[in-house]
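Below is one structure; the comments refer to it alone.
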Amino acid sequence: MDKLALAGRRAVVTGASRGIGASIALALAQAGADVAVTARSEVELEQVAEQIRAVGRRSLAVSSDVTDPAQVERLAAAVQAGLGGVDILVNNAGGGASHKFLNHPDELWQRMLLLNLTSVYYVTKAFVPAMVEQRWGRIMTIASTAAKVGGRYIAAYTAAKHGVLGLIRSLALELAPYQITVNAVCPGYVDTPMTQATIDNIVTRTGMSEAQARESLEKTSPQQRLINPDEIAALVVFLAQDTSYGITGQAINVDGGTVMA
Ligand SMILES: NC(=O)c1ccc[n+]([C@@H]2O[C@H](COP(=O)([O-])OP(=O)(O)OC[C@H]3O[C@@H](n4cnc5c(N)ncnc54)[C@H](OP(=O)(O)O)[C@@H]3O)[C@@H](O)[C@H]2O)c1
């Protein structure tokens, strides 16, 4: 049998209890990696870890809040102890909330930046030293097409995701001497609980039916559909491989052709 592409690699995925993060964690395991999963919830997280073990890999479920640097430090120590190190980091935890800019709550601004940008800084800072020491690493951050273009009523989320690209591009340069690549994946609307919350919000605010609200999101894509989480996971697995060494500092859209820059 051919050796799996990620055999012997150790990965950590944030926000892995559901949605895109759970798909990524499972796809990395299917490609041969041992995978530590983290999110705040414990029950859902353990279920994902069980699925990973069922494909024959080691897994570790560590409950942790990525917005708290002390918890992130404990996460890094737990992964080091549990898997013996880390080769692949996927910064996936994040979330959106909308508000018109007039009377925008400062609390929402701070919360969106903390969850979608500063958390990526905390988590990456905690895991990079081990990668530098071993002179190999793959860092992927799930940004958004909102990292490339503006959107109405999502100023804070959009600013945070744009910020992620600044961070990963700078890190790609700084970490290049250590065989560490740093990239972002920029999804359009993906069929996950986060998008379901967006659909529910549209229903509440506009009176559309759920089907109409879903269709309004599908229509934003030239392919007239939502992206499947597995499509994001497939790109992450590709970027994690040895053969993707030449790809760094990139922000790759997976959005059915909605954004072409
Ligand atoms: N869905 C989309 O259409 C879409 C499009 C573009 C980009 N994205 C990005 O893709 C990523 C994943 O989105 P998704 O759709 O899979 O979202 P989701 O279904 O809401 O899942 C979010 C994940 O992040 C975790 N999480 C949230 N806050 C956290 C915190 N403070 N600390 C640790 N974990 C936390 C959640 O677990 P707990 O609640 O248990 O902590 C969950 O596992 C996000 O960064 C999002 O911005 C999504």
Side-chain angles (χ1 to χ4, degrees), residues 12-27 35-49 61-72 74-76 90-98 110-124 126 140-149 151 154 156-165 167-168 184-202 213-214 216-218 220-221 225-233 235-236 251-256 258-259:
V12 58
V13 182
T14 71
S17 60
R18 59 176 185 265
I20 296 170
S23 286
I24 291 171
L26 206 54
V35 187
V37 289
T38 183
R40 292 164 304 178
S41 57
E42 285 177 14
V43 177
E44 285 175 295
L45 203 56
E46 190 50 52
Q47 286 167 354
V48 176
V62 186
S63 177
S64 154
D65 185 333
V66 292
T67 66
D68 177 350
Q71 291 190 40
V72 169
R74 285 199 290 275
L75 165 70
V90 184
N91 289 306
N92 164 79
S98 62
Q110 301 292 1
R111 183 156 48 89
M112 285 293 100
L113 263 75
L114 181 59
L115 177 57
N116 292 293
L117 175 58
T118 308
S119 72
V120 178
Y121 162 79
Y122 289 148
V123 175
T124 307
M140 277 79 64
T141 299
I142 309 306
S144 168
T145 48
K148 302 265 185 90
V149 294
I154 49 168
Y157 180 76
T158 304
K161 292 293 190 182
H162 273 66
V164 164
L165 297 198
L167 174 60
I168 70 106
V185 175
C186 297
Y189 287 112
V190 185
D191 202 354
T192 70
M194 177 174 160
T195 295
Q196 186 57 48
T198 303
I199 290 169
D200 295 345
N201 193 27
I202 294 170
R214 178 173 279 268
S216 73
L217 299 186
E218 290 168 350
T220 61
S221 160
R225 67 181 185 98
L226 303 184
I227 300 294
N228 188 293
D230 292 345
E231 296 173 74
I232 310 300
L235 177 56
V236 169
I252 303 170
N253 304 340
V254 184
D255 66 346
T258 310
V259 175

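Only a predicted model underlies this, so the values are computations on that prediction, with no experimental measurement involved. Each ligand, and each atom within it, is numbered from 1 in the order the structure gives.
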Practice prompt. Applying side chain to side chain donor-acceptor pair (under 3.5 Å), name anything that partners Q110, two or more places apart in sequence or on another chain.
Written response: none
Practice prompt. Inspect the contact between D191 and R214 and indicate whether a charged nitrogen and a carboxylate oxygen are less than 4.0 angstrom apart.
Written response: yes
Practice prompt. Please confirm whether the backbone N or O of A143 pairs with a side-chain atom of T141, one donor and one acceptor, at under 3.5 Å?
Written response: no
Worksheet entry | N92 side chain vs G15 backbone, donor-acceptor pair below 3.5 Å | yes
Worksheet, complete the sentence: Counting only non-hydrogen atoms and a 4.0 Å cut-off, the residues near ligand 1 are G15, A16, S17, R18, G19, I20, A39, R40, S41, S64, D65, V66, T67, N92, A93, G94, L115, I142, A143, S144, Y157, K161, P187, G188, Y189, V190, T192, P193, M194, T195
Discussion item. Tell me every residue that passes side chain to side chain donor-acceptor pair (under 3.5 Å) with S98, counting only those two or more places apart in sequence or in another chain.
Written reply: N201
Item to complete: Return the set of residues passing side chain to side chain donor-acceptor pair (under 3.5 Å) with S64 (not counting sequence neighbours), or none when no residue passes.
Response: none
